[in-house]
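Chain letters run A, B, ... following the sequence lines, proteins first, then strands; residues in each count from 1. If you're wondering where the values come from, they're calculated on a predicted model, not measured in any experiment. Excluded from the calculations below are hydrogen atoms, water molecules and symmetry mates; all remaining heavy atoms, backbone and side chain alike, are included.
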2 protein chains.
Amino acid sequence: MHEQLKLGNQLCFRLYTASRLITQAYRPLLEPLGLTYPQYLVMMVLWEQDNQIVGDICRRLMLDTNTLTPILQRMEREGLVVRTHGITDGRQTLVSLTKKGKHLEEQAKDIPKCMSQNWHGEDMNMAQLTNMVEAIDKLIKELK
Amino acid sequence: MHEQLKLGNQLCFRLYTASRLITQAYRPLLEPLGLTYPQYLVMMVLWEQDNQIVGDICRRLMLDTNTLTPILQRMEREGLVVRTHGITDGRQTLVSLTKKGKHLEEQAKDIPKCMSQNWHGEDMNMAQLTNMVEAIDKLIKELK
DNA sequence: TAACATTATATCGTACACGATATAATCTAT
DNA sequence: ATAGATTATATCGTGTACGATATAATGTTA
């Protein structure tokens, strides 16, 4: 047996699993809003700053257009955003919140607090969370 | 603006992104072996212990059968594993490595080392990695 | 200014994820 | 022994991810 291959040694598997479980934990909170987790990420980007072009949202979420375009199309079908062709640059697509999309922010405002309760159990303290966030940021930077 | 919604504050987004980037980093290493990352996880489980039933692999990878069955079917089509019906319990499906599947372990043995070089940059030390793994384990435990 | 490269987005094909449901085998309590 | 519950796996539908390719608009350069 090659010891390095053992699943227990793998940081990657943990990140993969944690990511899946977190998305699952979001589901019951997001379902009432009619959002999936990736759609929620897009909404957060737009709530922070409305009227962004596809490419800027891509860069923010580190996703390519082949992933984001279908998501935006579904969100447009749901009436959360509208996509208009750029005026100065005809290649760009501008994504804007609809009234419905803007109103959703109010309904979403408690989600982060709800989620954070999942990992503020007795054996997970603030320092560890801060360290984890820092470490993941470095990891992401190395991988980018 | 609701401050909690800011993307920068979100641990979840980091985990989601790190997981995607790691899977991407695996791709060039796994492609020569004809494996995807989830398939590689299955192979690691089977290399560690051959002849396991679907349910045990599910529990090990924390995946449900609706995800794992199609993966196993593709792996069977590729000649990496065979699936046979259980003898003692007719509901079970036993998954076994083929000769091809077993031989692949030799080719895969350097992958963990290659991968770990991605996050052993100058500003990421061993202690941080250990802490991160511990913290993610706790997180997974809370979410499970 | 006409060819050519570049850029922004979209489309396509394959492979996950996962909730919901189906199916078939085993177990259990009459 | 048999109806009903449970368990193990499979199937289905929808929504990502992502490499590869297409398309169309903009820049660039001879």
Could you go through nucleotides 20-22 of chain D and list every protein N or O atom that sits under 3.5 Å from one of its N or O atoms, giving the distance for each pair?
from	atom 1	to	atom 2	distance (Å)
D:dA20	N6	A:N66	ND2	3.4

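- For the pair A:L63 CG and C:dA8 P, the computed distance is 17 Å after rounding to whole Å.
- Look at CG on B:D56: it is 14 Å from C1' on D:dT7, rounded to the nearest Å.
- Considering only side-chain N and O atoms, A:Q24 lies nowhere under 4.0 angstrom from the phosphate OP1 or OP2 of C:dA17.
- B:I71 comes within 4.0 angstrom of the backbone, heavy atoms only, and of no base.
- In this structure, B:R74 atom CZ and D:dA10 atom P are separated by 13 Å, rounded to whole Å.
- Mapped onto DNA chain C by nearest heavy atom, A:R59 and A:L21 fall at different nucleotides, with A:R59 at the one closer to the 5' end.
- Distances shorter than 4.0 Å separate none of the side-chain N or O atoms of B:Y37 from OP1 or OP2 on D:dA17.
- A distance-only check finds no donor-acceptor pair linking the side chain of A:Q107 to the backbone of A:L33 [under 3.5 Å].
- Using a 4.0 Å cut-off between a side-chain N of Lys or Arg and a carboxylate O of Asp or Glu, B:K102 and B:E105 do not qualify as a salt bridge.
- Between B:Q73 and D:dT11, a side-chain N or O to OP1/OP2 separation shorter than 4.0 Å is present.
- Map A:V54 and B:T23 each onto its nearest nucleotide of DNA chain C; the residue landing nearer the 5' end is A:V54.
- The main-chain N or O of B:M62 is never found under 3.5 Å from a side-chain atom of B:K144 such that the two would form a donor-acceptor pair.
- Between B:V42 and B:L68, the shortest heavy-atom distance links the atoms CG2-CD1, 3.7 Å.
- With rounding to whole Å, B:Y40 atom OH is found 18 Å from C:dC16 atom C1'.
- Among the protein residues, B:R27 comes within range of the sugar-phosphate backbone only, with heavy atoms under 4.0 Å from sugar or phosphate atoms but none that close to a base.
- Looking at heavy-atom distances under 4.0 Å, B:T36 makes contact with sugar-phosphate atoms alone, never a base.
- Taking atom CG of residue A:L35 and atom P of nucleotide D:dT14, one finds them 19 Å apart after rounding to whole Å.
- A close approach under 4.0 Å does occur between a side-chain nitrogen or oxygen of B:T69 and OP1 or OP2 of D:dA10.
- Not one N or O on the side chain of A:Q92 forms a donor-acceptor pair closer than 3.5 Å with the backbone of A:H85.
- Side-chain nitrogen and oxygen atoms of A:Y16 include at least one within less than 4.0 Å of the OP1 or OP2 phosphate oxygen of C:dA17.
- Atom P of nucleotide D:dG15 and atom CD of A:Q39 are separated by 8 Å, given to the nearest angstrom.
- A distance-only check finds a donor-acceptor pair linking the side chain of A:Y37 to the backbone of B:F13 [under 3.5 Å].
- Using a cutoff of 4.0 Å between basic side-chain nitrogens and carboxylate oxygens, A:E134 and B:R14 are not scored as salt-bridged.
- Remark: B:R83, B:R91, B:Q92, B:T93 in residues 76-97 of chain B come within less than 4.0 Å of DNA chain D through at least one heavy atom.
- With values rounded to the nearest 0.5 angstrom, A:L46 atom CG is found 10.5 Å from A:R60 atom CZ.
- Between B:T98 and B:G79, the closest heavy-atom pair is OG1-O, 2.6 Å.
- Between the A:W47 side chain and the A:L97 main chain, no donor and acceptor come within less than 3.5 Å of each other.
- Spacing between atom CZ of B:R20 and atom C1' of D:dG15 amounts to 15 Å, rounded to whole angstrom units.
- Backbone-only engagement by B:I53 is indicated by non-hydrogen atom pairs under 4.0 Å involving sugar-phosphate atoms exclusively.
- Atom CG in B:L72 sits roughly 13 Å away from atom C1' in D:dA8 (whole-Å rounding).
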